[in-house]
Novice: 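Structure in structure tokens, see below.
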Amino acid sequence: MTLHWCMISYYIQQIGLTCWTPTMLIETTHPEDIKSAIRKRYGSVKAFVRANDLPPTGVSDIFRGRVSARVSDAIERVLQEQSSESSSLDRSSRAA
């Protein structure tokens with residue numbers, strides 16, 4: 001059984017551990033920045049939704065506070081890809 005980060009966080013809070021909480025990029029990124037990252041990778045939010053077989057209003061629902069593991073995971077992958085790309089660009093510009 002695969003545990004999603006929300007479930008892990010919930011169980012950790014239930015047993016009283018407060019020293020570890022996962023920080024997902026989706027939690028710390030502004031919604032407009034999330035949509036921008038999606039558009040850079042897929043061209044549009046609609047194309048992202050189709051490519052990942054997500055509900056049509058899934059991305060908007062996340063911004064409204066509705067939790068969906070599939071949508072959150074797909075957005076998180078895009079943000080991680082963008083983060084790793086920008087990190088590699090930072091390193092290459094320093095080397096130049």
Side-chain angles (χ1 to χ4, degrees):
M1 177 173 134
T2 303
L3 290 177
H4 187 265
W5 66 269
C6 290
M7 293 172 17
I8 293 169
S9 179
Y10 171 78
Y11 291 126
I12 287 172
Q13 289 173 357
Q14 292 301 309
I15 62 173
L17 292 176
T18 57
C19 61
W20 181 83
T21 55
T23 302
M24 304 295 284
L25 289 171
I26 195 170
E27 295 173 347
T28 58
T29 306
H30 190 277
E32 290 300 322
D33 294 329
I34 292 172
K35 289 190 285 186
S36 174
I38 290 171
R39 287 185 189 114
K40 284 179 187 175
R41 173 78 166 82
Y42 290 91
S44 70
V45 174
K46 189 173 185 176
F48 166 76
V49 167
R50 280 194 307 260
N52 289 283
D53 194 29
L54 301 173
T57 60
V59 175
S60 297
D61 289 345
I62 290 290
F63 299 145
R64 291 186 197 113
R66 296 186 183 126
V67 178
S68 166
R70 282 181 44 222
V71 177
S72 296
D73 291 345
I75 291 173
E76 190 67 28
R77 283 192 301 272
V78 170
L79 294 175
Q80 287 175 351
E81 287 172 11
Q82 182 185 24
S83 177
S84 66
E85 287 173 8
S86 64
S87 294
S88 66
L89 289 174
D90 287 345
R91 284 190 295 266
S92 65
S93 67
R94 287 185 199 141

Novice: For P55 and R70, work out which heavy atoms get closest and say how close.
Specialist: CD-NH2, 4.2 Å
Novice: According to salt bridge (Lys or Arg N to Asp or Glu O under 4.0 Å), who are the partners of R41, at least two apart in sequence or on a separate chain?
Specialist: E81
Novice: Work out which heavy atom in A74 is nearest to a heavy atom in L54; give both atom names and the distance.
Specialist: CB-CD1, 4.0 Å
Novice: Can you measure from CD (Q80) to CD (E76) and round to the nearest 0.5 angstrom?
Specialist: 4.5 Å
Novice: Any idea which heavy atoms bring A51 and Y42 closest together, and the distance?
Specialist: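 That would be CB-CE2, 3.7 Å.
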Novice: Which atoms form the tightest heavy-atom contact between I34 and I26, and what is the distance?
Specialist: CD1-CG1, 3.9 Å
Novice: Atom CZ of R77 and atom CG of L25: how far apart are they, to the nearest 0.5 Å?
Specialist: 13.0 Å
Novice: Can you find a pair of side-chain heavy atoms, one from F48 and one from I75, that are under 4.5 Å apart?
Specialist: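 Of all side-chain heavy-atom pairs linking I75 with F48, at least one is under 4.5 Å.
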Novice: Quick check: closest heavy atoms across S72 and I62, and the distance to 0.1 Å?
Specialist: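 S72 and I62 have their closest heavy atoms at OG-CD1, 3.4 Å.
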Novice: I'd like to check the salt bridge (Lys or Arg N to Asp or Glu O under 4.0 Å) partners of R66; sequence neighbours left out, ordered by chain and number.
Specialist: D61
Novice: When you measure from the side chain of T57 to the backbone of S60, do you find a donor-acceptor pair of N or O atoms at a distance under 3.5 Å?
Specialist: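 The answer is no, because no donor-acceptor pair under 3.5 Å joins these two groups.
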